[in-house]
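Note on naming: letters A, B, ... go to the chains in the order of the sequence lines (proteins, then strands), and numbering restarts at 1 for each one.
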Amino acid sequence: MSKKANSFQTPIGTRDIQADDSARRRALSTIFAEEAALAGYGELETPIFEDIGVFQRIGEGTDVVRKEMYEFTDKGDRRMALRPEGTAAVCRAFVQQRPTTPWKVWYQGPFFRYEAPQAGRYRQFSQIGTEVLGSADADVDVEVIALASRVINRVGLSRVLLVINSIGEPEDRRNYVEVLREYLEGQMDQLDPADRDKVATHPLRVLDSKKAATRSVVDGAPVITDFLSAESRAHFDRVQEGLGALGIPFAIEPRLVRGLDYYSGTTFEFQASALEAAQNTICGGGRYNGLVEQLGGPPTPGIGFAMGVDRLLLACDAEGTFPAPDRQVEVWVVDVTDGASARDLTHLLRASGIAADRSFDSRSMRSQMKAADRSGAALAVIIGDQELADDMVAIRRLREISDQILVPRSEMVDRVRSMLPEPA
RNA sequence: GUGGCCGUAGCUCAGUUGGUUAGAGCGCCGGGUUGUGAUCCCGGAGGCCGGGGGUUCGAGUCCCCUCGGCCACCCCA
């Protein structure tokens, strides 16, 4: 909500992500990094902003470049844009660095799209993804899909559907689009009015319309899979065979078209059925065999996917899985003298690898004990005037009724360690 | 960009047909005899009722504008 005129809040569609949420995101990114490393992928960091031309290559006709980019002119009069997605930047990096192929990378970070926010959609959002450049082998498609699948399984998501399709090579698609357009033009008056002008500009987009009227027309439409060349067909068959061999369930969806113009060949999406919301695609990707060339590189096949972190976590919430990790401290140091002991002992505990915290501002013992209890710490280390004078500390178990023990200050770390429960 | 719903304490909300100093729960701070928590009891801080304008003797309550939030379309992760 808007506050006083002289205060600020996050821009529309952005938010502050605090402790529990950020810890969860870090955990997800750790899982992803592990799986990527197991499959031989290295992390690639590209700039948050690039020359706007890099992103314009993802499709002059797409909304993403037409009206959703955060564009600006820098002080050197260069036209720049905040990155709206990851693939184009990875291809730019490939062209610039010319690594040996196959080049297998993964990336993570914030992306930006100027859209009206809604469930699972923000202006600054977070994606984790991979790209493989330089191999047209269908087994790469399988490997990439398997990686996404592994991550989805590891966060505990079970109600997820993998749908795949092949939209063929450009020639296949041109033939298909021609037939599709003819079909749609013949049924123009049956289509939902909102979809009619797409027939001329983006007939493929009509296929995934949500309008009931349009859907019934689309149900009878010719399917792309009937227009694939023998080569595309064989590739797609090999992908299906591979997924079957790895035990990854999937469904073929001939109407699955993806929104970015650079896609060709295999396309796929993981859809979370736990999400009632309109944004149930938690991961989407596919092949793009012409993008590197468009960015000034040699003809190079590529494939990759992007996972929407925000949506993935929404799906986890809906399934009640992947809770935020514990970030409780193990020991709370209560010091009712002048705070110097708390200062020194928390430092000592931390240096010994034990998570420790304390109260500040000379709170009363009662207040400090309350804080200790609330913190979730298993133990309280207590120092009063008596302990200080005797060079001792009291250690008390929290979260249960117990007596406290008195130990020499020099033995504190060892005693604390022995009283702490085994790390999980 | 279009449409629907909504905007009262840090959080979740209540505020009767417009009527005196705007409430609750949770949270926070302090206290319940001098140094001990999670229960209980007492007390306290904290709101120009998102902002601006209007109607009225009087507006958190009605009207307009604006900003913001949520959701949907569109698009996409």
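- The listed nucleotides are B/C75, B/G37, B/C73; the one nearest the side chain of A/Met369 is B/G37.
- Look at A/Gln279 and you won't find any side-chain N or O under 4.0 angstrom from OP1 or OP2 of B/A77.
- When rounded to the nearest whole Å, the span between CD of A/Glu131 and P of B/A77 equals 11 Å.
- Contact annotation: A/Ser367 does not reach the phosphate of B/C29 (side-chain N/O to OP1 or OP2, under 4.0 Å).
- A/Arg374 comes within 4.0 angstrom of the backbone, heavy atoms only, and of no base.
- Under a 4.0 Å N-O distance rule, the pair A/Glu115/A/Lys67 does not qualify as a salt bridge.
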Look for any protein N or O under 3.5 Å of an N or O in nucleotides 42-45 of chain B and output each such pair with its distance, or none.
none

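- For B/G37, neither phosphate oxygen OP1 nor OP2 lies less than 4.0 angstrom from any side-chain nitrogen or oxygen of A/Arg397.
- A/Leu312 comes within contact range of no nucleotide atom at all, as no heavy-atom separation falls under 4.0 Å.
- Here the closest heavy-atom approach between residue A/Val140 and residue A/Ser135 is recorded as CG2-OG, 3.4 Å.
- Residue A/Ser364 is the one, among A/Gly13 and A/Ser364, whose nearest nucleotide of RNA chain B lies closer to the 5' end (criterion: closest heavy atom).
- A donor and an acceptor atom, one from each side chain of A/Asp137 and A/His235, are nowhere located under 3.5 Å apart.
- At the phosphate of B/U36, neither OP1 nor OP2 sits under 4.0 Å from any side-chain N or O atom of A/Gln404.
- In this structure, CD of A/Gln386 is placed 15 Å from P of B/U36, rounded to the nearest angstrom.
- Remark: P of B/A38 and CH2 of A/Trp332 are 15 Å apart, rounded to the nearest angstrom.
- Residue A/Lys370 places no side-chain N or O under 4.0 Å from the OP1 or OP2 atom of B/C28.
- Here, B/A24 and B/G15 have their C1' atoms 10 Å apart, quoted to the whole Å.
- A/Glu185 meets the side-chain hydrogen bond (donor to acceptor under 3.5 Å, both in side chains) test with no other residue; sequence neighbours excluded.
- A side-chain N or O of A/Glu143 and one of A/Tyr41 form a donor-acceptor pair less than 3.5 Å apart.
- Taking side-chain N and O atoms only, A/Arg311 has no distance below 4.0 Å to OP1 or OP2 of B/C76.
- Rounded to whole Å, the distance from NZ on A/Lys210 to C1' on B/A72 is 9 Å.
- Look at A/Phe111 and the base of B/A77; the rings do not stack under the cut-offs of 5.5 Å between centres and 30° between planes.
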Would you give me the side-chain donor-acceptor pairs under 3.5 Å for residues 24-33 of chain A, sequence neighbours excluded?
from, atom 1, to, atom 2, distance (Å)
A/Arg24, NE, A/Phe322, O, 2.8
A/Arg24, NH1, A/Asp317, OD1, 3.1
A/Arg24, NH2, A/Asp317, OD1, 2.8
A/Arg24, NH2, A/Phe322, O, 3.2
A/Arg25, NH2, A/Asp310, OD1, 2.6
A/Ser29, OG, A/Gln108, OE1, 3.1
A/Thr30, OG1, A/Arg26, O, 2.9

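- Remark: A/Asp373 does not engage A/Lys370 in a salt bridge, criterion side-chain N to carboxylate O under 4.0 Å.
- Nearest to the side-chain atoms of A/Ile12 among the listed nucleotides B/G68, B/G37, B/C75 stands B/G68.
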Practice item. Could you provide the dot-bracket string of RNA chain B, using ( ) for intrastrand pairs, [ ] for crossing pairs and | for bases paired to another strand, with Watson-Crick or G-U pairs below 3.5 Å? Key: (((((((..((((.....[...)))).(((((.......))))).....(((((..]....))))))))))))....

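- Backbone-only contact: A/Arg205 has heavy atoms under 4.0 Å from sugar-phosphate atoms and none from a base.
- With A/Tyr122 as the aromatic partner, A/Arg15 meets the cation-pi criteria of under 6.0 angstrom to the ring centre and within 45 degrees of the ring axis.
- Taking only side-chain nitrogens and oxygens, A/Arg121 never comes nearer than 4.0 Å to OP1 or OP2 of B/C74.
- Note on A/Gln271: nothing from the nucleic acid sits closer than 4.0 angstrom, heavy atoms only.
- For a distance-only test at 3.5 Å, the side chain of A/Glu387 qualifies as a donor-acceptor partner of the base of B/G35.
- Pairs passing the salt bridge (charged side-chain N to carboxylate O under 4.0 Å, His left out) check and including a residue from residues 215-224 of chain A, sequence neighbours excluded, read A/Asp219-A/Arg255.
- Among the heavy atoms of the strands lying under 4.0 Å from A/Ala116 is at least one base atom, whether or not backbone atoms are also near.
- Taking only side-chain atoms of A/Met365, from C-beta outward, the nucleotide of B/C76, B/C74, B/G35 with the closest atom is B/G35.
- Salt bridge status for A/Arg287 with A/Asp141: present, with a side-chain N to carboxylate O gap under 4.0 Å.
- Sparse packing is recorded around OH of A/Tyr114, with 12 or fewer heavy atoms of other residues, nucleotides or ligands lying under 6.0 Å away.
- Between A/Phe112 and A/Tyr70, the ring planes lie perpendicular to each other; the angle is over 60°, past the 30° to 60° tilted range.
- Using a 4.0 Å heavy-atom criterion, one finds that A/Ala119 contacts the sugar-phosphate atoms exclusively.
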Can you check nucleotides 3-5 of chain B for protein contacts, nitrogen or oxygen pairs under 3.5 Å, and list what you find?
none

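- As a whole-Å value, the separation of A/Gln118 CD from B/C76 P is 13 Å.
- The minimum heavy-atom distance between A/Arg92 and A/Leu295, with the atom names listed, is N-CD1, 3.9 Å.
- The distance from atom CD of A/Gln9 to atom P of B/G10 is 14 Å, rounded to the nearest whole Å.
- Atom pair A/Gln368:CD and B/G31:P shows a separation of 12 Å (rounding to whole Å applied).
- Not one side-chain nitrogen or oxygen of A/Lys67 sits closer than 4.0 Å to the OP1 or OP2 atom of B/G1.
- For the pair A/Ala306 and A/Arg396, nearest-nucleotide mapping onto RNA chain B gives the more 5' position to A/Arg396.
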